[in-house]
Amino acid sequence: MVAAQDNTVSGAQFVRPSNPSQPMSGNQLDKKSQAWSALFSEPMSELVKRYTASVGFDQRLWRADIDGSLAHARMLAARGIIGAQDLADIERGMAQIRQEIEQARFEWKLELEDVHLNIEARLTQLVGDAGKRLHTGRSRNDQVATDVRLWLRGEVDAQAVLLADMQRALLGVAERHTETVMPGYTHLQVAQPVSFAHHLLAYVEMFARDAERLADLRRRLNRLPLGSAALAGTSYPLDRDAVARELGFEAVCENSLDAVSDRDFALEYAAFASIAMVHVSRLAEELVLWKSQNFDFIDLADRYCTGSSIMPQKRNPDVAELARGKSGRVVGHLMGLITLMKGQPLAYNKDNQEDKEPLFDTVDTLSDTLRIMAEMVSGIVVRPQAMERAALRGYATATDLADYLVRKGLAFRDAHEVVAHAVKAALQQGVDLAELPLAQLQAFHPLIGADAMAVLTLQGSLQARQVRGGTAPTQAQAQIARHRARLQG
Ligand code: ARG
């Protein structure tokens, strides 16, 4: 057993500040090695400093941190909790800090742990006592929760635009290919002809749902934690609604414990991002397949491909492969964040500092991926003949012949059986159904007439699927018009 020696942080002796009644001088926060160190009898080791600091990654919250602080300060002044001069000083100091950070002149200090303490210390250095009054009625716990929500809200709004761009890119290609026939697959076996437009429009539906999910989670994200202080609320007469209004939050978080400890907005966001990345990944996988010599349905512009260091003939679809691969990383972040929350007692725990890197990386990965995929899709080269040849090879219109027989009065199961025999014969002869002489087709069933030949064509098959949501060109056009109208609004 190790005795309770005082060279560990947990065993540190709590000592009183030398003169508790004496206020801290101007830039004491900056001079001290830690914001709360008056209680501690020994400094942190370098390793612990590095281990616990988040400033290396949470500095990107700086705009949200300053905006949140200014809204808090204005409310404090409006409520008479700080003076008008204090507010003016805080505003002046924050304006300078904003400039320093923008111009990369701001000195981030590891010993000041995170973005919040770095900015507050600099503020106090610049404006003195007013800077020290800023944290009245506030804790880093409600501050960080507010910052992350504010920051993520900005990213969510940017991604709503990126998702719309992605849909427009797909629509642009779809518009040119409502009559381009390709094989539709189930089990990756040729199933029935579909138009290339129809296939792409399936992805438009997916990305449209992603956009809906994003808009929906934004409502729950857009609530203000500030005013909850450390965990219990505060005794100062804060006006939380005023702060919410100023920061564009739709409401305030109604329970202070929940406000500082909850990160489910981040989980929802990561779940949304994972689903969107899975949609991207499926599209990327199809682009890779279609570009392979065995399909040869499409080509991708050179700028999205890379060569091989050994095989001179290679043009690999690396961008699509990476988009597919990066979906794994985003789904991993969702798992990391969910696991991070599991088992945390209320309220704030330092575990929550671990929400940032996965969240930031999720946002970055999805934004980059949506951008690059939209560009790549817009420039896709489509090879209609290759698609058509592939559709013809796979007896894609067999169902159409069965449906024809049903229209003539046969029961569907019987029609299915008749056509299976016809396909078997065509397979043995190495031809398509449409290439069998009419007389031979008629031998399979007397109801087969000359008009059957039209239904066996790819175009005939496409045109027949007029049901709402089907692959007929008029249906695809209706889908496109609906999406165009939605994306304008
Ligand atoms: N850097 C911290 C985080 O990201 C800020 C909150 C710190 N609060 C605290 N009580 N230590 O979670």
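All values below come from the heavy atoms of this structure, side chains included, with hydrogens, waters and symmetry mates left out. Whatever order the structure lists them in is the order used to number ligands and atoms, beginning at 1.
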For [atom], what's the nearest protein heavy-atom neighbour? Residue, atom name and distance, please.
atom	answer
atom 12 (O) of ligand 1	Tyr348 OH, 2.3 Å
atom 11 (N) of ligand 1	Arg140 NH2, 3.6 Å
atom 2 (C) of ligand 1	Gln353 OE1, 3.2 Å
atom 8 (N) of ligand 1	Asn141 OD1, 2.9 Å
atom 5 (C) of ligand 1	Asp114 OD2, 3.4 Å

Heavy-atom contacts under 4.0 Å between Gln143 and ligand 1: side chain, backbone, both, or neither? neither
Could you check whether [Y] and [X], counting side-chain N and O atoms only, form a donor-acceptor pair closer than 3.5 Å?
X	Y	value
Gln143	His72	no
Glu357	His333	no
Glu375	Tyr304	yes

Check ligand 1 against Ser54 and write out every atom of the ligand that is under 4.0 Å from a heavy-atom position of the residue. 1 (N)
Residue Lys356 vicinity, atoms of ligand 1 by number, heavy atom under 4.0 Å: 3 (C), 4 (O), 12 (O)
Name the one of Lys350, Arg50, Lys49 that satisfies salt bridge (charged side-chain N to carboxylate O under 4.0 Å, His left out) with Glu113? Lys350
Below 30° counts as parallel, above 60° as perpendicular, anything between as tilted: where do the rings of Phe297 and Phe295 land? perpendicular
Using the test salt bridge (Lys or Arg N to Asp or Glu O under 4.0 Å), find all partners of Arg315 that sit at least two apart in sequence or belong to another chain. Asp299, Asp302
